[in-house]
Amino acid sequence: MPAVQISEIVAFTGGRYSGPADRMIDGVAPLAGAGEAQLSFLSNPKYAAQLASTRAAAIFVSDDVTGDDGRFIRVANPYYAMASVVAKYFDRRPMPSGISSLASIAAAATLGANVAIGPFSTIADGVVLGDGVVIFQNVSIEAGTTIGDGTIVYPQVSIYDRSVIGKRCIIHSGVVIGADGYGFATEGGRHHKIPQIGIVRIGDDVEIGAGSTIDRAALGETTIGDGTKIDDQVMIGHNVKVGRHCLLVAQVGIAGSTELGDHVVVAGQSGFGGHLTIGNGVQVAAKSAVLDDVPDGMKVMGIPAVPFREFARREAMLRRMAKKK
Amino acid sequence: MPAVQISEIVAFTGGRYSGPADRMIDGVAPLAGAGEAQLSFLSNPKYAAQLASTRAAAIFVSDDVTGDDGRFIRVANPYYAMASVVAKYFDRRPMPSGISSLASIAAAATLGANVAIGPFSTIADGVVLGDGVVIFQNVSIEAGTTIGDGTIVYPQVSIYDRSVIGKRCIIHSGVVIGADGYGFATEGGRHHKIPQIGIVRIGDDVEIGAGSTIDRAALGETTIGDGTKIDDQVMIGHNVKVGRHCLLVAQVGIAGSTELGDHVVVAGQSGFGGHLTIGNGVQVAAKSAVLDDVPDGMKVMGIPAVPFREFARREAMLRRMAKKK
Amino acid sequence: MPAVQISEIVAFTGGRYSGPADRMIDGVAPLAGAGEAQLSFLSNPKYAAQLASTRAAAIFVSDDVTGDDGRFIRVANPYYAMASVVAKYFDRRPMPSGISSLASIAAAATLGANVAIGPFSTIADGVVLGDGVVIFQNVSIEAGTTIGDGTIVYPQVSIYDRSVIGKRCIIHSGVVIGADGYGFATEGGRHHKIPQIGIVRIGDDVEIGAGSTIDRAALGETTIGDGTKIDDQVMIGHNVKVGRHCLLVAQVGIAGSTELGDHVVVAGQSGFGGHLTIGNGVQVAAKSAVLDDVPDGMKVMGIPAVPFREFARREAMLRRMAKKK
C-alpha cells in the first residue's frame, strides 16, 4: 500500500500533533505490534502501559492521556480516528468487478450502474439491484428482492424472495435473510405449518455478521432499522422489529414478534422471549434471558433478566452466604 | 392474488359465521394491520383489545371470545384455521421448476418425476431424489443420499454422503446435514479424530430452520423423528435421537448420544449434556441446561435444569432475600 | 468394505487378545448394535452392562474392565484404538478427485500436486493450495488465501481474503473464516465501521465444525493454534488467540481480543467476554459466562463463572434453603 505523510493524517483527523510532520506512515497496528512506519492508537485504557514500549511512528490518544510523547496525535475519539484513517488510506479488500459470465441472472432482473456479480451467483426474476451493489460469488438472491445502492453481499449468502434491503448494507457470508419463521399450529398432536408469507425489510447502513439468520414474517414484515449492526450467528425470529442504531452482539436470539426500540445494545448470547416490547436505549448484559417488557433506558441482566442493581445485590448476597458456610 | 369469497373460507374451515357471505377476501393480516378486504385472527389473548379497532373483513376467533361482532368466524383453533386458509389460498412462493442446465448432476443419480433442480447445485453419484423433490440453487448433495417425495431444499444447504431424508421435509438455507460429529480420542496431549462413519436419518414432515446443523453418527445413526420441527441455528450432535413431533426452538444444542422422546418441547437457547435420556412430552424452558435424565412429562428449567416448581420456589426465595438487604 | 482378519487388528493396535485369531471383521459398531462380524469397544463405563449382551466379534476394553470374555482386546485407550482401526480400515468417504471443469479458478492461483476441486467452487487470485488439498463443490476461497497440504474443505464454506490455513485441517460445511470482526466507533449516536484489515491464521491439524465462524482481526491476526478442535456453531471474534490442542464444544462464543492458552477445554454454549487472558489447561463447564481472567489449570463454571468448588457450594446451599421453605 502507498505510504501517507503524517501531516496529511493529522489534517484529515483534525488532531493536535507536534512531532515531525513529514514521516511516512504505511499502515496501522495495535500498540504492541506496531512497526516504526505504522500508526497506532490507545482506546482501551487496559493497554496504556504499552505506550512506553510501542515502536509506532504516531499514536492517536485522547486528551485524558497524560504525558507529552511527541508521537501523540490528540483527538476526541482515538478509535474513530483510527477507523477513519484505515477506511481512507489502508482498506484494500479485493472485490469482484463486473458481471461474471458464470453467474445466472434472470432476464427480468434490473441491475443498476456499476453492479458487480461473481461466479455461480443466482439473481432471480424481478430482483432489483441498486447502483454499485456488489454480489460476491456463490450467492443466491430469490425473486422479487430489492437491494439498495452500494450494498455488499459476501459469498454463500441466501436471500429469500421479496426481501427489501437498504443502501450501504454489508451482509457477510452464511447469512440467511427471509427463511420461514417458526410457526406451527398444533392440532391432534401434529404441528401444522403456518405458511410464512410476510417479508424481511432491512434499513440503510445495516451490517449483518457471518451466519446470522433473519426470518421472514408470518404476515407483514420483520424489520431491522437504519444503522443497526448485527454480529455473527444472531437469530432474529419472524415479525421481530429491531429499531435504529442498535447493536446485537454474537449469538443473540430474539423470538417472534418482539420489538426493540432505537439504540438498544444487547451483549453476546442473550435471548428475548416472544411478543415483548423493549424500549429505546435499553442495555442487556451478556447471556441474559429477557422474558418481560423493559422500559426505555433500563439496563438488565440475568436469567431471567432483572435490573443491573438488583442482579448485583443478589450476586453479592450469594457470595457472602456461600463464604459463611 | 385472486380474491376468495368469505362463504368459501367459512365452509373450508367449518366455522360458524353470521355476517355477509359474499364479501371478497384478498389476503390475511394481523389484527392491527389488516385492511378492509383482509381476513384476520385472534389466537394470543394479549391482542384481544385490537378486536375493537381492527378493520379486518372477518376474524377467526375461538368460542372463548365474548361479544358478537358480525365479522367473527368461530372455529376451534383460530391459528390453525388461519394457517389452513393461507396455505390453500394465499401462499405463492416462487419455486424452481425443471432441471437447470447449470446444475451438476451425476449420471449415477436417480431423479423421480417432476423433480426441480436450480443452477449451481451438485447432485453426486448414487443420490436418489423422490417425486416432486425441489432442490433450489447452490445446494450440495453428496453421494448416496436419499431424499423422499415432495421434500424442499432451499439454497446454500449442504447434505453429506449417505444421508436419508424423508418425505415432505423442508430444509432451509444454511442447514448442514451429516457433517462429522465431534469425536476425538486424546492420547499424549493430542486429540486424534474418531472417523465419523455413521449417517443422519430424518423422518417425514420434518422442517429444519436456517443455519441448523445435524451431525452424522460416529457409528450408526443420528435420527430425527417424523413431524419434528427444528428452528434456526439448532445444533444436534452425533448419535442423538430426537423423537417424533418434537419442537426444538432456535439456538438449542443437544450433545452427542442424548435421546429425546416424542412430543418434547425445548425452548430457545437451551442445551442438553451428552448420553442423556429425555422422556416423552418433556418440556424445557428457555436457556436451560439439562444435565440429567428427565422422566416422561416433566417440565424443567434452570442451569442446571430442575423441575419448574423447584425453580420458581428458589427464584421467589432469592427475590425476597435480596429485598430484605 | 473389505473384511479384515482379527489378528491384523490386534497387531495394528498392539492389544492383548486370546480369542480366535482368524475371524473376519467387516465393520465397527457400538456394543448395543454390533453384529457378529463387527468390532466394538467400551469407553464410557455407563455402557458396561452391554458387554454381557453384545453380539460383537471382538471388543476393545481397558485393563480396568474385569472378567475374561474371550472377545476382549485389551488396550490402553479403547476409544483411540477403535478410532485408529476405523481410520485405517473402514473410513471410505467419497471425495472429489481432480479439478472440475465447472470450477472457477483464477489464472494467478497456485495449485499443489493432487489437488481436487469440485464444481462451482471459486478460487481467486493469488490463492495457494498445498499438495493434496481437497476443495469440495460450492466453496468460495478469496484472494491471497493460503491452504496447507492435505487440508479438506467441505461444501458451502467461505474463506475471505488473505486467510492462512495450516496442513491437514478439516473445515466443515457452512464455516466462515475471515469475515469482518464486530468493530464500530460510536460517534454522534451512529456506529461507524472500523475496517477490519487483519487476517485469520489457523495452525495445522485444526478441525472446524459446521457453521462455525472465525472473524478476521481488526488489525493483526486472529489465531487458532495447532491441533485445536472446534465443534459446530462456535463463534470466534476478531483478534482472539486460541492456543494449541484446545477443545471448543458447540455454540461457544469468544469475544474480541480474548486469549486462550494451550489445552483449554470449553464445554457447549459457554461464552467469554472480550480482552481476557485464559491460562493453559483451563476447563470451562457448559453454559458458563467467563467474564474475568482465569489462571492456568483452573476449572470454572456459572454465570458469571467461578471456580467449580465455589459453584458447587453455592448450588448446594440454594438447594437446602429452597427445601426448608
Side-chain angles (χ1 to χ4, degrees), chain A residues 27-30 33 40 43-44 46 76-77 79-84 86-87 90-94 100 102 118-120 136-138 154-156 170 172-174 205 207 209-211 227-233 245 247 249-251 263 267-269 286-287 302-303 315 318-319 321-322 325, chain C residues 104 120-122 124-126 138-140 142-144 156-158 160-161 174-176 179-180 182-187 189-195 197 211-213 215 218-220 233 235 237 239 251 253 255 257 269 271 273 275 287-289 291 303-304 306 310 313-314 316-318 321:
Chain A
V28 178
S40 194
S43 172
N44 185 337
K46 181 167 179 176
N77 185 336
Y79 201 46
Y80 179 59
M82 185 274 295
S84 308
V86 171
F90 302 113
D91 184 17
R92 298 283 180 274
R93 182 163 301 174
S100 170
L102 298 175
F120 314 130
F136 274 73
Q137 58 271 21
N138 300 86
Y154 281 96
Q156 312 289 2
I170 300 174
H172 284 285
S173 289
D205 301 301
E207 182 160 350
T228 284
K229 310 298 185 183
I230 299 174
D231 199 353
D232 296 1
Q233 299 187 29
H245 310 297
L247 297 174
V249 179
Q251 298 178 318
H263 297 284
Q269 299 188 330
K287 231 183 179 82
I303 306 173
E315 186 64 20
L318 286 170
R319 289 196 180 215
M321 290 171 57
K325 307 276 156 178
Chain C
S104 169
F120 314 129
S121 285
T122 306
D125 277 344
N138 300 86
V139 168
S140 164
E142 291 177 50
Q156 311 289 2
V157 166
S158 174
Y160 281 48
D161 60 291
V175 166
V176 179
D180 286 348
Y182 191 69
F184 301 92
T186 301
E187 180 74 25
R190 301 290 177 274
H191 309 298
H192 301 271
K193 182 174 180 68
I194 312 288
I197 63 172
S212 288
T213 59
D215 286 353
L219 302 167
Q233 299 186 30
M235 193 284 166
N239 292 84
Q251 298 178 319
S257 299
Q269 299 188 330
H275 298 273
K287 231 182 179 82
S288 300
L291 303 179
I303 306 174
V306 294
E310 186 179 332
R313 202 160 53 210
R314 186 194 287 199
M317 174 187 81
L318 287 170
M321 290 170 56

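Each chain gets a letter, A, B and so on, in the order the sequences are listed, and its residues count up from 1.
Ring planes of His172(A) and Tyr154(A): parallel class, angle under 30° (limits at 30 and 60°).
With sequence neighbours left out, the side chain to side chain contact (heavy atoms under 4.5 Å, CB included) criterion links Asn239(C) to Ala217(C), Ala218(C), Ser257(C).
In terms of non-hydrogen atom pairs under 4.5 Å with chain A, the most contact-rich of Ile303(C), Val139(C), Asp180(C) is Asp180(C). Chosen from Gly126(C), Gly189(C), Ala124(C), the residue pairing most often with chain A at heavy-atom distances under 4.5 Å is Gly189(C). The residue among Val28(A), Ile170(A), Asp231(A) with the most heavy atom pairs within less than 4.5 Å of chain C is Asp231(A). Ranking Ala87(A), Ser100(A), Gly227(A), Ser84(A) against chain C, the residue ahead of the rest is Ala87(A), based on heavy-atom pairs under 4.5 Å. The choice from Ala81(A), Gly33(A), Ala29(A), Ala286(A) that makes the most heavy-atom pairs within less than 4.5 Å of chain C is Ala29(A). Of all the listed residues (Pro30(A), Gly27(A), Gly174(A), Gly211(A)), the one sharing the greatest number of non-hydrogen pairs under 4.5 Å with chain C is Pro30(A). Per-residue counts of heavy-atom pairs under 4.5 Å with chain A were compared for Val157(C), Leu291(C), Leu219(C); the largest is that of Leu219(C).
Looking at Asn44(A), the atoms closer than 4.5 Å to chain C (heavy atoms on both sides) all sit in the side chain, from C-beta outward. Residue His263(A) touches chain C through its side chain alone, counting heavy-atom pairs closer than 4.5 Å. Proximity to chain A is limited to the side chain of Asp161(C), based on heavy atoms less than 4.5 angstrom apart. Contacts of Tyr80(A) with chain C are made by both backbone and side-chain atoms, with heavy-atom separations under 4.5 Å. Proximity to chain C (any heavy atom under 4.5 Å) is shown, for Lys229(A), by both the backbone and the side chain. At a 4.5 Å heavy-atom cutoff, the contact between Leu102(A) and chain C is made by side-chain atoms alone. Looking at Ala250(A), the atoms closer than 4.5 Å to chain C (heavy atoms on both sides) all sit in the side chain, from C-beta outward. At a 4.5 Å heavy-atom cutoff, the contact between Val306(C) and chain A is made by side-chain atoms alone.
When all heavy atoms are compared, the tightest approach of Val86(A) to Pro195(C) is CG1-CB, 3.4 Å. Nearest heavy atoms, Gln233(A) versus Gln233(C): OE1-O, 3.0 Å.
Side chains of Ser140(C) and Gln156(A): a donor-acceptor N/O pair is absent below 3.5 angstrom, by distance only. The closest side-chain donor-acceptor pair between Asn138(A) and Thr122(C) falls under 3.5 angstrom.
Looking at Thr228(A), its side chain does come within 3.5 Å of a backbone N or O of His245(A) through a donor-acceptor pair. A side-chain donor-acceptor contact under 3.5 Å links Asp232(A) to the backbone of Ala210(A).
Rounding to the nearest 0.5 angstrom, the gap separating the OG atom in Ser158(C) from the CD atom in Glu142(C) is 5.5 Å. If you take CZ on Phe184(C) and CD1 on Ile194(C), they are separated by 8.5 Å, rounding to the nearest 0.5 Å.
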